[in-house]
2 protein chains.
Amino acid sequence: MEEERSSRRRTGGIRMRDVAERAGVSTMTVSRALSEPAKVSQEMRERVIRAVEEVGYLPNLLARSLSSSRSTTVGLIVPSIDNSIYTQTLKGLSVVLRSRGFQLMIAESGYDPSEEEDLVAAFLTQRVSGLVLHNIEHTDRARALIRQAGVPVVENGNLPPEPLDMAVSYSNREAAKAMTLHLGRLGYRKIAFASLFAHNNDRSRDRIEGYRAALTELGQTPDPRLIVETSRGLASGAEAVVRVVQAVPEVDAFFCAGDVLAVGALFECQKRGWVVPRRIAIASFDDVDLLRHVSPAVTTLRLPRYGIGERTAQMLLGRILDDAEYLRGSVVDLKFEIIQRESA
Amino acid sequence: MEEERSSRRRTGGIRMRDVAERAGVSTMTVSRALSEPAKVSQEMRERVIRAVEEVGYLPNLLARSLSSSRSTTVGLIVPSIDNSIYTQTLKGLSVVLRSRGFQLMIAESGYDPSEEEDLVAAFLTQRVSGLVLHNIEHTDRARALIRQAGVPVVENGNLPPEPLDMAVSYSNREAAKAMTLHLGRLGYRKIAFASLFAHNNDRSRDRIEGYRAALTELGQTPDPRLIVETSRGLASGAEAVVRVVQAVPEVDAFFCAGDVLAVGALFECQKRGWVVPRRIAIASFDDVDLLRHVSPAVTTLRLPRYGIGERTAQMLLGRILDDAEYLRGSVVDLKFEIIQRESA
DNA sequence: TTGTATGCGTTATCAA
DNA sequence: TTGATAACGCATACAA
């Protein structure tokens, strides 16, 4: 009879109320038995669990989140989703978040700050309880939205001078600088640098800066002809070699700070019959499996990709669940490591 | 005054009600102006939009979804998140879903059917309006949950004989068979097959089956010593060659139906000084960029990875938004293509 | 330890 | 075209 008063037709599935009726208890008891089992007697707990199974109840997290104003989703925005460099970080994030019952929402900004802004708004609209951004550059409105919403955020791809909130990364600048210095110490004098396009890419820009800083420290003046910007991929690495060699034939080292560029460069050198590293050294920026298996194996930087995801999730959860281990402004530098192999 | 009656402290941000007050209209008018602008007069629409901007309102999708019992999230479950073969599909999904305002939630099952079941439950708990599964094997409970919830589902990694609902894929069996036949027609007689572990992996199993079927069609009896199962990665490909060659020295072709295995195999052959394809042919299963750039370039299968994601999203949206283009039981075979290169 | 009343922020429904 | 009201399914606050 009461039911008839409703002006809306129910479309959903089984509700907590159905479980409550089945178990002969109130919905609050069901709610507690499921969310805070300790606050319910042994007997009730069992009765509720049985009823849940009998009626095939799946809690409605939308309702739970709305009512408690706490959600269990986290949003991740990466520049490009079809980029294997994110997969390890994604895995670290996913493993840790899932262990606490959180779900990951993912989107790509296409290296476009205004698209990132839209995605931030979209995620806030979804009421995510945390955000992970692979950028450190954001539009003013994106910053304002995040500040106003008050959600914890972790920036990932680089160490931000002015963090939005928290950050976990290595320093692109320091990494590029370290490898360049390493090459310098090995005796290479004409060190070329192949970078990914730096437009709307703070990581690329910082790497170029690090390279320049190293040269300066080595007492050299950076030669613009030794710096090329290109896209991702093997073909780009090869093409970068072609361009540099044309301009500066005496180049003796090639540092590729981008995805798989180094392998493309290596193949190109081999095609020319150049012995690596005798004629020209090659170094890379990220320890993808391939670099260890080509011949000669490529000297590179090991970046803490998985750890970044893992730590990011931990920091986010700490703030969301108020374990209060991490504070606003925490910036964690997970460092990098030079892996010396045969190519340099 | 009315406000004081509340026993709950508001924690959230700006609500539709705030916009309504600002604009001097009811919340319903705001709701309509935002969700169904056509149902509102020109003037109202503008007034509402202005108020939205003035107060900095972001709709609450949790509330919207709860109230309308329609969500704008889709759940994706892949066996392993750190696997580059999914990135293209993920991109296709993401692009199409985002164009309609849908968000993607992603999780990994670790090739464990029971974990997949848990994730299905978790996503249903989140009230996703669609599911994408990369498996075609599911637990009974997972199937029951999905059926009961009535959400549209697309299966992706393979063509399911008994689809849960819809499916978009190519046929792993046919693809492996086609390449094996291709090698047979090229004159290779002792064709080895390196597969990823087939346990809980229907794709791998179907590929092995396809390989066997092709041999039978070629009038050969499959030799178990020519089949190896291994894990992903370059090292595994090399090791697979070692194992097979030890057992069957006269092997003359190596078909690698797994991620990057073929390149590992190629490197191992070259290490042994074997000329490819003169001494031994090599073929692969998926057209990753690398295969085209190694020397000799590797003959492989082109799989419609991006298209699978794109089409999957379209089918899902069709059902969710009731454009009713795709029906239950739709199984779309996006086919594959043999890319003939130098290695075979 | 359990239950009652109420609200979370939105939309469905019906009336004006 | 607009508004009032009652849900959506759950958790908070408080009473018993």
Side-chain angles (χ1 to χ4, degrees), chain A residues 2-21 23-48 52 55 57-72 124-127 129 149, chain B residues 2-21 23-48 52 55 57-72 124-127 129 149:
Chain A
E2 283 288 330
E3 304 288 338
E4 302 303 322
R5 284 239 317 267
S6 167
S7 58
R8 258 169 115 151
R9 222 184 27 243
R10 269 192 26 79
T11 60
I14 289 135
R15 299 154 298 175
M16 191 175 271
R17 182 165 153 188
D18 302 317
V19 177
E21 280 166 8
V25 299
S26 71
T27 60
M28 270 318 300
T29 301
V30 176
S31 176
R32 291 195 187 100
L34 297 178
S35 295
E36 305 166 294
K39 290 192 171 179
V40 149
S41 71
Q42 171 80 19
E43 191 218 325
M44 277 297 163
R45 218 176 308 151
E46 288 167 1
R47 199 137 58 118
V48 168
V52 163
V55 303
Y57 171 67
L58 285 183
N60 185 329
L61 251 57
L62 297 177
R64 177 179 293 177
S65 299
L66 178 61
S67 180
S68 64
S69 40
R70 263 180 280 113
S71 82
T72 52
L124 293 178
T125 285
Q126 301 269 5
R127 296 301 187 266
S129 53
Chain B
E2 283 287 329
E3 304 288 337
E4 301 303 322
R5 284 240 316 267
S6 168
S7 59
R8 260 171 115 150
R9 225 186 20 247
R10 269 190 28 81
T11 59
I14 289 136
R15 298 154 298 174
M16 191 175 272
R17 184 207 275 200
D18 302 318
V19 177
E21 280 167 8
V25 299
S26 72
T27 60
M28 271 317 299
T29 300
V30 176
S31 176
R32 291 196 186 100
L34 298 178
S35 296
E36 304 166 293
K39 291 193 170 178
V40 150
S41 71
Q42 172 80 19
E43 190 218 326
M44 278 297 164
R45 219 176 307 151
E46 287 167 1
R47 194 135 62 110
V48 168
V52 163
V55 303
Y57 170 69
L58 286 182
N60 185 328
L61 251 58
L62 297 177
R64 175 179 294 176
S65 299
L66 179 60
S67 181
S68 63
S69 39
R70 263 180 279 113
S71 82
T72 52
L124 292 178
T125 285
Q126 302 268 5
R127 295 302 187 267
S129 53

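Within every chain, numbering begins at 1; the chains are lettered A, B, ... in the order of the sequence lines, protein sequences first and strands thereafter.
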Practice item. Report yes or no: is there a donor-acceptor pair, N or O only, under 3.5 Å between the side chain of B:Ser68 and the base of C:dT11? Key: no
Review point. Does A:Arg127 have a side-chain nitrogen or oxygen under 4.0 Å from the phosphate oxygens OP1 or OP2 of C:dG9?
Key: no
Study note, to complete from the structure: Axis-to-axis angle for the helix from C:dT1-D:dA16 to C:dA16-D:dT1, ends of five pairs each, to 10°, equals 30°
Check your understanding: How is B:Arg70 classified with respect to the nucleic acid when contacts are heavy atoms under 4.0 Å: base, sugar-phosphate, or nothing?
Key -> sugar-phosphate
**Study point:** Minimal non-hydrogen separation, A:Leu62 against B:Leu66, with atom names
**Key:** CD1-N, 4.3 Å
Review point. By a strict heavy-atom criterion of less than 4.0 Å, which residues belonging to residues 35-43 of chain B are in contact with DNA chain C?
Key: B:Ser35
Check your understanding: Where the side chain of A:Val25 is concerned, which of C:dT10, C:dG3, D:dA11 is the nearest nucleotide?
Key -> C:dG3
Check your understanding: Nearest to the side chain of A:Asn60, which nucleotide is it out of D:dC10, D:dT12, D:dC8?
Key -> D:dC10
Point to revise | Check: B:Met16 and B:Asn60 side chains under 4.5 Å, non-hydrogen atoms | key: no
Check your understanding: How far apart are the closest heavy atoms of A:Val48 and A:Val25, and which atoms are they?
Key -> CG2-CG2, 4.4 Å
Practice item. For C:dT11, take OP1 and OP2 only and decide whether either is under 4.0 Å from a side-chain N or O of B:Ser67. Key: no
Exercise for review: Tell me what B:Met28 touches on the nucleic acid: a base, only sugar-phosphate, or nothing, going by heavy atoms under 4.0 Å.
Suggested key: base
Revision key, fill the gap. Taking for A:Arg32 and for B:Thr29 the nucleotide of DNA chain D with the nearest heavy atom, the one nearer the 5' end belongs to B:Thr29
Practice item. Assign each of B:Thr27 and B:Ser69 to its nearest nucleotide of DNA chain D by heavy atoms, then name whichever residue's nucleotide is nearer the 5' end. Key: B:Thr27
